[in-house]
Amino acid sequence: MTQKAVKGSVIADLLAENPIQDYEALGFEFPDEHVNEVDSEEKGPADVWEMYFDGAVNLSEYEACVLGLQAAIEMKVRKLEVYGDSALIIYQVKGEWQTKDLKLIPYQKYLLELIKKFEEISFTHLSRDKNQFADALATMAVMAQIEEGQTTQESHIKTRNEPAYCFMIEEEKDGKPWYHNIQVYIKTREFPPGASRNERRMIRRLALGYFPSGQILYKRSSNGELLRCVDAKEAKKILFETH
């Protein structure tokens with residue numbers, strides 16, 4: 001007798017000794033056999049879109065908001081979160097403020113009609129410093145004069161956490177790294193030949209903020225962390241790998 005047969009016999013004996021109460025045989029007739037799968041589509045946060053608008057004056061801000069809602073409606077967006085730095089528009093749409101400006105009243109009425117075409121829509125006021133991206137796009141739109149029907153190139157925007165000058169790497173004319181004089185002073189207490197009194201004082205003061213470890217020099221940061229000093233060649237390599 002094979003091992004599989006022994007296992008099958010043990011399982012059969014176990015089921016015979018432990019019958020299931022109220023057992024019902026399986027039914028193999030499926031009236032809806034043409035249905036392969038029944039599933040429900042769950043809508044999550046991805047269904048909610050965000051829109052940011054900005055403008056120079058109240059009239060242009062209304063224009064930007066209206067055009068943004070029109071674009072969302074054309075894209076069949078049903079749920080929308082609107083953000084803008086115009087307190088006037090945000091609070092007028094919410095019904096907290098009313099406008100008496102005859103030029104803005106038609107915009108307000110039309111905006112309220114557009115709002116009815118969304119299942120869910122909310123308006124949130126942002127301070128100008130938190131709406132910088134929309135402000136930059138608005139500025140770019142004013143600067144670029146595009147004729148109707150003209151094909152425009154796609155714009156790619158990349159953000160950086162540091163100013164552009166932080167990525168500038170100066171060439172080392174004498175072939176020595178920028179921290180060479182500091183490193184030599186820490187090791188030998190010697191100054192460069194021909195160094196003036198002020199230059200020597202500066203090197204001594206700078207050396208207090210650096211820490212050597214073998215051939216590597218580290219700078220002590222304000223929070224106590226050690227930052228590795230690198231030369232121009234190594235700095236370019238690091239920037240290339242990270243960006």
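No hydrogens, no waters, no symmetry mates; every other heavy atom, side chains included, goes into these values. None of these values were measured; they are calculated from a predicted model.
- Hydrophobic clustering of Ile, Leu, Val, Met, Phe, Trp and Tyr side chains at less than 4.5 Å, counting indirect connections, unites M75 with V82.
- Closest heavy-atom contact between P177 and D231: CB-CB, 3.9 Å.
- Going from atom CD1 of I203 over to atom CG of N198 covers 11.5 Å, rounded to the nearest 0.5 Å.
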(message) If you apply the rule side-chain contact (heavy atoms from CB on, under 4.5 Å), what do you find for L80 with L69, and how did you get there?
(response) CA-CA 9 Å; L80 185 65; L69 292 186; 3.4 Å; yes
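- Looking only at side-chain heavy atoms (C-beta outward), L104 and L88 come within less than 4.5 Å of each other.
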**Report entry** L112 and K109: CA distance, side-chain angles, deciding distance, side-chain contact (heavy atoms from CB on, under 4.5 Å) verdict
**Finding:** CA-CA 5 Å; L112 294 175; K109 291 182 178 180; 5.7 Å; no
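- The shortest distance between side-chain heavy atoms of F123 and C65 falls below 4.5 Å.
- The 12-atom threshold is not exceeded at NZ of K117, counting heavy atoms of other residues, nucleotides or ligands nearer than 6.0 Å.
- Of the inter-residue distances, the one linking M202 atom CE with R197 atom CZ reads 14.0 Å to the nearest 0.5 angstrom.
- If you chain together hydrophobic residues whose side chains sit under 4.5 Å apart, Y210 and L227 never meet in one group.
- Between F211 and L217, the closest side-chain pair of non-hydrogen atoms is not below 4.5 Å.
- Evaluation of the salt bridge (charged side-chain N to carboxylate O under 4.0 Å, His left out) test over residues 214-229, restricted to residues two or more places apart or in two chains, returns R228-E234.
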| How far apart are the C-alpha atoms of F191 and Y185, what are their side-chain angles, what is the distance that settles it, and do they pass the ring-ring contact (aromatic ring centres under 6.0 Å, His included) test? | CA-CA 6 Å; F191 297 100; Y185 175 79; 5.0 Å; yes
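- A continuous path of Ile, Leu, Val, Met, Phe, Trp and Tyr side chains, each step under 4.5 Å between heavy atoms, connects F53 with L59, placing both in one hydrophobic cluster.
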Please lay out, stage by stage, how N181 and V184 fare under the test side-chain contact (heavy atoms from CB on, under 4.5 Å).
CA-CA 5 Å; N181 294 335; V184 171; 5.7 Å; no
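- Heavy atoms only, all atoms of each residue included: E61 and D85 are closest at OE2-OD1, 3.7 Å.
- Put simply, the side chain of Y218 does not reach to within 4.5 Å of the side chain of C229, judged on heavy atoms.
- Note that CE of M51 is 9.5 Å distant from CG of L67, once rounded to the nearest 0.5 Å.
- When all heavy atoms of G194 and E199 are compared, the pair lying nearest together is O-OE1, 4.2 Å.
- For residues 200-213, the set of pairs meeting the salt bridge (charged side-chain N to carboxylate O under 4.0 Å, His left out) definition, not counting sequence neighbours, is empty.
- Residues Q92 and Y107 have side chains that never bring a donor and an acceptor to within less than 3.5 angstrom of each other.
- Hydrophobic clustering of Ile, Leu, Val, Met, Phe, Trp and Tyr side chains at less than 4.5 Å, counting indirect connections, keeps I105 apart from Y91.
- Follow the hydrophobic side-chain contacts under 4.5 Å out from L226 and you never reach L206; the two are in separate clusters.
- Between I182 and A207, the shortest heavy-atom distance links the atoms CG2-CA, 3.9 Å.
- Contact check for W49 versus R78: no side-chain heavy atoms found under the 4.5 Å cut-off.
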Candidate pair V77 and D47, rule side-chain contact (heavy atoms from CB on, under 4.5 Å), full reasoning: CA-CA 8 Å; V77 174; D47 296 318; over 6 Å; no
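- With no hydrogens or angles considered, a side-chain donor-acceptor pair links E50 and Y52 at under 3.5 Å.
- Side-chain atoms of I90 and L126, non-hydrogen and from C-beta on, never get closer than 4.5 Å to each other.
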Side chain to side chain donor-acceptor pair (under 3.5 Å), that's the test. Do S221 and N223 meet it? Break it down for me. CA-CA 5 Å; S221 63; N223 58 4; 2.4 Å; yes
